[in-house]
Amino acid sequence: MVPKSRLQIVLRNAAFVTVANGVSQVLLAITGIAIVRYLGLSLYSDYATAMLYMSLFSVLGRLGFHRVFLRECSRDVDLTPHYFAATLLLNGGLAFLGWVAALSIAYFRYDSRVFALTVLLGTSLMLMSLRRTSTTVFQVHQKMHFTALVSIVGSLFYTIVFFAAMVSKASIFVLAGLHLIMSVFNFLLSCGLSFRLSFPRFHRPILKKLLSFGWYFCAIDIMLVAYTQSNGFILAVFNLKEQVGIYNAAFRMFALLQMIGQVIESAIAPALYGASNEPERMLRGIKLAIRYFTVGGILLGAIFLGRAEWLMTTVFKAEFAASANVLMLLGVTIGCRFPVILLSHIIYAMNKEQFMLAVTACLTAFSVVSCLILVPLYGAIAAAAILLVSEGAMALVCLIQVERLLGKVGLWKLFVLPILSGATTLVVLRVSGGQSVSGLLVSPLVFFGFLWLAGYYRITEVVFLAKMLVRSR
């Protein structure tokens, strides 16, 4: 058999992750929407308060040690068992400490119902965060079909069980308990598959090396979560329950589409790290990733801006119409988020963790201070606006840094036509009427048709990528 090229492997992995994410996110989105509709604004606000509060602590189970794990083992796969063991030990210990601290604070902060939900959902989130270490093993070995399997099986199990519970009129506590059971199942499945590939073997020098390099990534991840999730977290801490429900309903839509960015992280990141010593090949991969992956965020942003109220009242209920303005702000944010995912990995691949640490520290300080001042006064709108400013600033700074590192190669030009195309798509959505689905269906044709006519895509390049994708199966 002819060995597959690196591009074929990347495309195959992208295909696996794309299909898996597509199937699993559709299932999870349907289930999440059903839960919101089933609980209503009042009960869902309690459910979301527990989730948002624990989400900030759950980051301790997926701190940036896995980034060092991925970078080092992409260069030398034989080190995988040692880095796997060290990462599990560190993230597992931190996750347990975070869980204990979070529940200790929640006991004195919330009423009995929200505290009980915090225990169940918090334990679930901690297990889900630890699964990130197993996923890194799949990335290192280029076995993204394992990621696809865990994703699809877990989401299918989740959907079936939750719908059965809702049909039987289960309480909010039963739903939270089922969330925990689903997380245990997914955690055990991912661990079992990753152990087959690389059984963890503890090696003290690797643990020391992971600690010496990993603290940069850990600090960055803590601050990234602080500036992206402190918005909802502060809403939860101040116990603004109705605002939590309004914000989190819109954020569910945002998070669903943000998951598409995992295609970049899961499939392309290992190739970027592996090509870090070959600037020309790395630059070619970056340009392809921007043109065929990240511009999709601009299309999604245009759809959110043009159909926010219709989406919220149709997908959820009329009582969530107040979430429309939040969703519009998050729509612009998703257009910034896709480039940030790619550009930050380029910076990591070129060993510039200190730069990301400094930038994230500044944005974290801005986000937390702004949230503490504005969120108690203006609620969900302030939370979404601060997230937008933070993500926009991160995208701009990362783009400038990548341009500087690669020698001013003009990557910014690749975003000009997609932004113009997004503006055109938004006009079409507005003209077609706020409650019409026709404009929503035609918007991808308008967006990509504009880019095609403007010469952004070349037929020879599309055919080449299609052939490589077929051969990578």
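Just so it is clear, the structure is predicted and the values come from calculations on it, not from any experiment.
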(message) Can you tell me which residue among Met356, Met394, Gln401 is in a side-chain contact (heavy atoms from CB on, under 4.5 Å) with Ser344?
(response)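 Among Met356, Met394, Gln401, the one meeting side-chain contact (heavy atoms from CB on, under 4.5 Å) with Ser344 is Met356.
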(message) Can you see whether Thr159 engages Thr31 through a side-chain donor-acceptor pair at a distance of less than 3.5 angstrom?
(response) yes
(message) Quiz question: by atom type and distance under 3.5 Å, do the side chains of Asn248 and Tyr47 form a donor-acceptor pair?
(response) no
[Y] side chain reached by [X] side chain, heavy atoms, under 4.5 Å:
X      : Y      : value
Leu180 : Leu127 : yes
Thr123 : Met126 : no
Leu299 : Pro444 : yes
Met312 : Met328 : no
Phe366 : Val389 : yes
Phe163 : Ile35  : no
Tyr456 : Pro418 : yes
Thr87  : Thr136 : no

Can you say whether the rings of [X] and [Y] are parallel (under 30°), tilted (30 to 60°) or perpendicular (over 60°)?
X      : Y      : answer
Phe448 : Tyr457 : tilted
Phe254 : Phe251 : tilted
Phe185 : Phe157 : tilted

Nearest-0.5 Å distance that lies between atom [atom1] in [X] and atom [atom2] in [Y]:
X      : Y      : atom1 : atom2 : result
Thr425 : Leu300 : OG1   : CG    : 11.0 Å
Leu343 : Leu396 : CG    : CG    : 10.5 Å
Phe355 : Thr360 : CZ    : OG1   : 9.0 Å
Ile334 : Leu327 : CD1   : CG    : 10.5 Å
Tyr44  : Met51  : OH    : CE    : 7.5 Å
Ile234 : Ile386 : CD1   : CD1   : 7.5 Å

(request) Going by the side chain to side chain donor-acceptor pair (under 3.5 Å) test, name the single residue among Asp46, Thr118, Thr49 that passes it with Arg113. (result)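 Result: among Asp46, Thr118, Thr49, Asp46 is the only option passing the side chain to side chain donor-acceptor pair (under 3.5 Å) with Arg113.
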(message) Under the criterion side chain to side chain contact (heavy atoms under 4.5 Å, CB included), I'd like the reasoning laid out for Thr424 against Phe447: C-alpha separation, chi angles, the key distance, then a yes or no.
(response) CA-CA 7 Å; Thr424 304; Phe447 182 81; over 6 Å; no
Non-hydrogen atoms of [X] and [Y] that approach each other most closely:
X      : Y      : value
Phe320 : Gly245 : CE2-O, 4.0 Å
Ile381 : Leu329 : O-CD1, 3.8 Å
Val244 : Ala48  : CG1-CB, 3.6 Å

(request) Please test Ile181 against Leu178 for side chain to side chain contact (heavy atoms under 4.5 Å, CB included), starting from the C-alpha separation and ending with a verdict. (result) CA-CA 5 Å; Ile181 293 172; Leu178 291 174; 4.3 Å; yes
(request) Decide if atom CZ of Phe96 counts as having more than 12 heavy atoms of other residues, nucleotides or ligands within a radius under 6.0 Å. (result)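 No, CZ of Phe96 has 12 or fewer neighbouring heavy atoms, counting only those of other groups under 6.0 Å.
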(message) Apply side chain to side chain contact (heavy atoms under 4.5 Å, CB included) to residues Lys169 and Tyr38 and explain how you reach the verdict.
(response) CA-CA 9 Å; Lys169 305 297 182 182; Tyr38 176 74; 4.2 Å; yes
(request) Applying side chain to side chain contact (heavy atoms under 4.5 Å, CB included), run through Phe415 and Leu399 and close with a yes or a no. (result) CA-CA 11 Å; Phe415 293 99; Leu399 180 59; 4.2 Å; yes
(message) Is it the case that the ring center of Phe65 lies less than 6.0 angstrom away from the ring center of Phe69?
(response)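 Judged by ring-centre distance (under 6.0 Å), Phe69 and Phe65 do not meet the cut-off.
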